[in-house]
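It should be emphasised that the depicted structure is a prediction, and the values quoted were computed from it without experimental measurement. Both ligands and their constituent atoms are indexed starting at 1 by order of listing. Values below: every heavy atom of this structure, side chains too, minus hydrogens, waters and symmetry copies.
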Amino acid sequence: MIPSVLPTYNRAPFTFVKGEGTWLIEADGRRFLDMTAGIAVNALGHAHPALVAALTAQAQALWHTSNLYRIPQQEALADALVDATFADTVFFTNSGTESCELAVKMARKYWFDKGHPDRTGIIAFEGSFHGRSAAGIAAAGSEKMTKGFAPLLPGFTHLPWGDHDALRAAVTGSTAAILVEPVQGEGGIRPLPDACLKGLRALCDETGTLLILDEVQCGMGRTGRLFAHEWAGIAPDIMMVAKGIGGGFPLGAVLATEDAASGMTAGTHGSTYGGNPLGCAVGLEVMRHIADPAFLAEVNRKAAAFRQSLEGLVAEHPDVFDHVRGSGLMLGLKCKAPAASVVAGAQACQLLTVPAADNVVRLLPPLTITDDELAEAAARLHAAAAALHVHETA
Ligand SMILES: *Cc1c(COP(=O)(O)O)cnc(C)c1O
């Protein structure tokens, strides 16, 4: 008999009932060190007092009015994002995949309004992940996500990661936009080198193509800058955001330049819940913390130290791990042992990690994680790896 919850997930057998900073507490009382953070969502950890206060204050005042009326929390958060980024304007969504839908619509509408209704093509990359909606799965293009769901949204081309000649050849007079994650998350923590991001920007400038960055996972301070593309010193035309921006409350956004957004006039797009007072009250508090240069400096300091301890871990367990990769506190352990067995071994040590493609274990802790907790995470990874040796030699 089918479970009452549609069985689209293979869930680990844990039931967490409470969160405190970097810790999750199981129904049976066990405390787990959370290096997953809801897949890069709980950027300020669990039950951060400032977020709890912002949410409860807003909950007592007003939950929902719809976008028929002005929403002051939404305007304040949009102002904060515009002040802190390349963007001139923001549309709020409730998830990453909704941000993908709008990014694609925005790019196509841009060219339609400029008198090029045939410029509809979106170039995306193998190994990418952009969500589970129609545009999201068409953009990722992997068989795992698209099989059985045809016909897919047309107009998407998929290129191998890092093949510059293929990219140059693929951009034609019918290309609307290039869509890329500066650091692939689900694809296995694969950072796009700064030089490639600069090259993409230059190619887009040369051909008029719009550059859409998907910073749903790598944005909001995860890499040590507010947004990952800042490391390359470039700016996109359109950017998808979600996950960390709500700190655990469902919230997403599409940021754009005035030019890129020029087609999105009144009536062209909407959302019942997008930009609701609850989500934006929390998002504003998240922005206040993460956009602070002192907060980002701390992320970078902690990330550098943690990365060094992970290099030591790999050196000590060369049969389990291959190498460390990633940026800031968006780190991947490329494994030699099956990543699933490393994740399970870590769970046995009450440490939560998340697997990704390419046999990688992802470490995406709350950005507020302390030095002691990072040391504890490294110790538990050592213990998990040591237990794997014992099993192998047994
Ligand atoms: C998670 C993710 C998405 C989809 O976000 P949802 O909120 O699950 O719809 C899109 N792009 C990237 C890079 C992601 O990591």
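Side-chain N/O atoms of Gln73 and Gln58 include a donor and acceptor closer than 3.5 Å.
No close placement of the Phe125 and His158 rings is indicated, their centers lying 6.0 Å or farther apart.
Protein residues are said to neighbour a ligand when one of their heavy atoms lies under 4.0 Å from it; for ligand 1 these are Ser95, Gly96, Thr97, Phe129, His130, Gly131, Glu181, Asp214, Val216, Gln217, Lys243.
Legend: residues meeting side chain to side chain contact (heavy atoms under 4.5 Å, CB included) with Thr36, ordered by chain and number and at least two apart, are Asp34, Ile39, Leu352, Val354. Not counting sequence neighbours, the partners of Asp371 by the side chain to side chain donor-acceptor pair (under 3.5 Å) test are Arg301.
Side-chain contact between Leu331 and Leu364 is absent, with no heavy atoms from C-beta onward closer than 4.5 Å.
Sequence neighbours left out, the pairs with a member in residues 276-304 that pass ring-ring contact (aromatic ring centres under 6.0 Å, His included) are His48-His289.
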